[in-house]
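Only one structure is covered here, and it is reproduced in the block below.
Source: prediction; values computed, not measured. Side-chain atoms are counted along with the backbone in the values below, which use heavy atoms only and exclude waters and symmetry mates.
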Amino acid sequence: MNQTSTSSPPELAPLKVAMLGCGTVGTQVARLITQSGDDLRERIGRPIELVGIAVRDAIKQRDGIDPQLFTTDALGLVTRGDLDVVVELIGGIEEVRPLVLAAIESGASVVTANKALLAADADTLSQAADKAGVDLYYEAAVAGAIPIVRPLRESLVGDEIITVMGIVNGTTNYILDKMCTTGADFDETLAEAQALGYAEADPTADVEGYDAAAKAAILASLAFHTRVRAADVYREGITRIAAQDIRQARVNGCVVKLLAIASSLPDGKVSVRVHPAMVPNSHPLASVSGAYNAVFVESREAGRLMFLGPGAGGAPTASAVMGDLVTVGRNRVRGVAARGHNVYAHRPIASMGDVHTRYAVSAEVADEPGVLAAVASCFAEHGVSLQTVDQELGASTDHPTATIQVTTHQANEADVQACVDELGLRSFIHGQVRVLRVEGN
């Protein structure tokens with residue numbers, strides 16, 4: 001009599017994962033991989049095995065992580081030849097580029113959160129990944145836990161993107177939000193953000209807009225299928241924003257935000273810029289408070305979409321990394337790889353002078369007859385149409401002054417800047433002419 005075997009199917013070989021870096025985010029990712037083994041196996045179709053972590057100090061204790069996993073030989077780890085995925089969480093460019101390329105050439109897919117590397121070398125990395133038949137995923141590089149890379153790369157790839165506009169740096173959003181709600185100046189609010197851990201001891205990358213510019217380059221490249229590098233992005237930080245700018249925004253029914261904006265222009269160029277701007281209170285981005293990030297997308301067919309969530313921190317960023325790891329793991333199980341960075345359009349990058357938007361301009365002037373007319377005439381001579389004009393008298397009676405505040409209709413950046421430069425030379429202007437763009441109308 002024949003008997004049917006009831007033995008269990010053989011265990012599938014695990015996917016082997018290595019990590020580069022084990023800082024705040026890396027520690028979270030390593031713990032999730034080791035502690036969520038059963039769930040990951042069910043989601044991917046095969047077990048996940050963390051086989052090594054490259055760090056600078058292999059002796060340092062990291063709670064909850066097997067110390068035998070640590071190595072200081074990063075190149076040896078990524079080129080061992082049996083890896084399925086390398087998770088890169090070191091950051092930077094020059095030190096990391098050869099490691100990522102070596103991992104790809106050795107047959108491993110790559111998951112990275114490295115915005116600086118992608119903003120500088122996305123083409124090189126994507127071409128290498130396509131040639132090797134492996135994946136390159138980077139959801140965590142732009143806005144922490146917010147899923148924005150994949151919608152642009154996959155969900156909206158059949159649509160025509162018109163504009164991507166967002167708050168992509170939590171530190172600057174926290175500072176500007178505090179300035180708005182408390183009336184404090186920039187230096188005071190920055191010091192508070194540093195004390196609370198929202199800002200680094202050296203906050204330059206955040207407050208001068210470098211971090212946001214790298215993210216804007218990635219978003220623009222995805223949205224418009226053209227190569228945009230961080231160096232192509234017009235950049236202004238928030239260090240010159242003063243309490244009076246916040247007050248003027250409030251009078252105009254706006255708040256001040258540091259925005260990353262990528263737009264398709266009618267002449268076929270792509271405009272990519274990072275700068276502070278007034279945002280009307282009616283716009284969804286105006287209500288994004290604290291250290292949160294948000295990205296607003298407008299496309300031809302889908303219309304307006306909004307993505308909101310925590311944009312930084314160990315847990316949110318680790319969540320995005322794990323999402324990419326599961327996707328890449330599924331692809332490895334199926335024996336496929338997604339197409340890389342789809343750049344084919346080769347569209348020219350617009351200069352800042354080509355931009356058209358609205359502007360809010362303010363200046364302290366001598367309280368004399370004819371000054372208001374002279375200011376209005378200057379704008380008219382440069383082809384800039386004014387929407388509103390307000391004047392507020394100063395408190396001094398010895399040297400009477402007034403603050404003139406104007407908002408423009410849609411105008412050309414170059415024309416507005418030429419007008420502002422000319423006003424700055426007029427004898428009736430006291431101090432600096434202040435300008436903020438108005439976005440999100």
Side-chain angles (χ1 to χ4, degrees), residues 104 109-115 117-166 168 214-230 232-233 260-266 268-272 284 293-309 311 319-332 334-350:
I104 290 171
S109 292
V110 171
V111 172
T112 179
N114 193 334
K115 54 187 172 288
L117 179 63
L118 291 163
D121 281 327
D123 278 356
T124 301
L125 301 179
S126 293
Q127 290 167 9
D130 286 344
K131 181 179 179 181
V134 300
D135 281 319
L136 174 66
Y137 272 67
Y138 45 92
E139 185 65 69
V142 174
I146 301 174
I148 184 59
V149 170
R150 196 164 300 165
L152 291 176
R153 183 175 175 175
E154 299 174 9
S155 304
L156 295 171
V157 72
D159 204 343
E160 178 186 354
I161 304 297
I162 300 169
T163 299
V164 179
M165 179 168 69
V168 295
K215 295 170 181 177
I218 296 169
L219 292 173
S221 298
L222 289 167
F224 304 118
H225 311 289
T226 198
R227 187 68 186 101
V228 180
R229 294 176 173 83
D232 298 323
V233 180
I261 304 172
S263 302
S264 176
L265 302 185
K269 294 179 181 178
V270 172
S271 169
V272 192
N293 283 191
V295 181
F296 182 82
V297 179
E298 184 174 0
S299 70
R300 187 72 60 191
E301 304 301 330
R304 297 181 172 186
L305 307 169
M306 179 83 163
F307 302 83
L308 169 69
S319 172
V321 170
M322 292 301 296
D324 280 350
L325 179 58
V326 169
T327 299
V328 169
R330 288 170 174 171
N331 287 348
R332 297 289 286 199
R334 295 169 58 208
V336 299
R339 185 175 180 180
H341 205 176
N342 192 11
V343 173
Y344 62 84
H346 308 295
R347 297 171 65 175
I349 307 299

Is the shortest distance from a Lys or Arg side-chain nitrogen in Asp159 or Arg300 to a carboxylate oxygen in the other one below 4.0 Å?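 A salt bridge is absent here (no side-chain N lies under 4.0 Å from a carboxylate O).
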List in chain and number order the residues that pass salt bridge (charged side-chain N to carboxylate O under 4.0 Å, His left out) with Arg332, two or more places apart in sequence or in another chain; answer none if no residue qualifies. Asp84
In chain order, what residues pass the salt bridge (charged side-chain N to carboxylate O under 4.0 Å, His left out) check against Asp135, with sequence neighbours excluded?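 Salt bridge (charged side-chain N to carboxylate O under 4.0 Å, His left out) check on Asp135 returns nothing, list empty.
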Heavy atoms, side chains only, cut-off 4.5 Å: are [X] and [Y] in contact?
{"X": "Glu139", "Y": "Ile148", "result": "yes"}
{"X": "His225", "Y": "Val343", "result": "no"}
{"X": "Val168", "Y": "Val295", "result": "yes"}
{"X": "Val272", "Y": "Asp232", "result": "no"}
{"X": "Leu305", "Y": "Phe296", "result": "no"}
{"X": "Leu152", "Y": "Ile161", "result": "yes"}
{"X": "Asp324", "Y": "Val149", "result": "no"}

[atom1]-[atom2] distance between [X] and [Y], expressed to the nearest 0.5 angstrom:
{"X": "Thr327", "Y": "Met322", "atom1": "OG1", "atom2": "CE", "value": "11.0 Å"}
{"X": "Met165", "Y": "Ser263", "atom1": "CE", "atom2": "OG", "value": "8.0 Å"}
{"X": "Ile261", "Y": "Ser271", "atom1": "CD1", "atom2": "OG", "value": "7.5 Å"}
{"X": "Tyr344", "Y": "Arg227", "atom1": "OH", "atom2": "CZ", "value": "15.5 Å"}
{"X": "Lys215", "Y": "Leu118", "atom1": "NZ", "atom2": "CG", "value": "12.0 Å"}
{"X": "Leu136", "Y": "Ser109", "atom1": "CG", "atom2": "OG", "value": "9.0 Å"}

Could you pull out the closest heavy-atom pair between [X] and [Y], with the gap in Å?
{"X": "Asn331", "Y": "Ala338", "value": "ND2-N, 4.0 Å"}
{"X": "Ala230", "Y": "Ala217", "value": "N-CB, 3.7 Å"}
{"X": "Ala141", "Y": "Ile218", "value": "CB-CD1, 4.4 Å"}
{"X": "Pro147", "Y": "Pro151", "value": "O-CG, 3.2 Å"}
{"X": "Ala337", "Y": "Gly133", "value": "CB-O, 3.5 Å"}
{"X": "Ala320", "Y": "Gly144", "value": "CB-O, 3.2 Å"}

Distance only, no hydrogens: is a donor on one side chain within 3.5 Å (strictly under) of an acceptor on the other, for Arg339 and Ser126? no
Would you say the side-chain atoms of Arg229 and Ser221 include a donor-acceptor pair closer than 3.5 Å? no
Between the main-chain N or O of Val270 and the side-chain N or O of Arg347, is there a donor-acceptor pair closer than 3.5 Å? no
Any donor-acceptor N/O pair, Asn114 side chain to Leu117 backbone, under 3.5 Å: yes
Between Phe307 and Val297, is a side-chain contact (heavy atoms from CB on, under 4.5 Å) present by the stated rule, with each step listed? CA-CA 8 Å; Phe307 302 83; Val297 179; 4.0 Å; yes
Full working for side-chain contact (heavy atoms from CB on, under 4.5 Å) between Ile349 and Lys269: CA-CA 6 Å; Ile349 307 299; Lys269 294 179 181 178; over 6 Å; no
With side-chain contact (heavy atoms from CB on, under 4.5 Å) as the criterion, how do Val134 and Val110 come out once you've worked through the C-alpha distance, each side chain's angles and the decisive distance to 0.1 Å? CA-CA 8 Å; Val134 300; Val110 171; over 6 Å; no
Can Arg150 be said to sit on top of Tyr138's aromatic six-ring, NZ or CZ under 6.0 Å from centre and within 45° of the ring axis? no
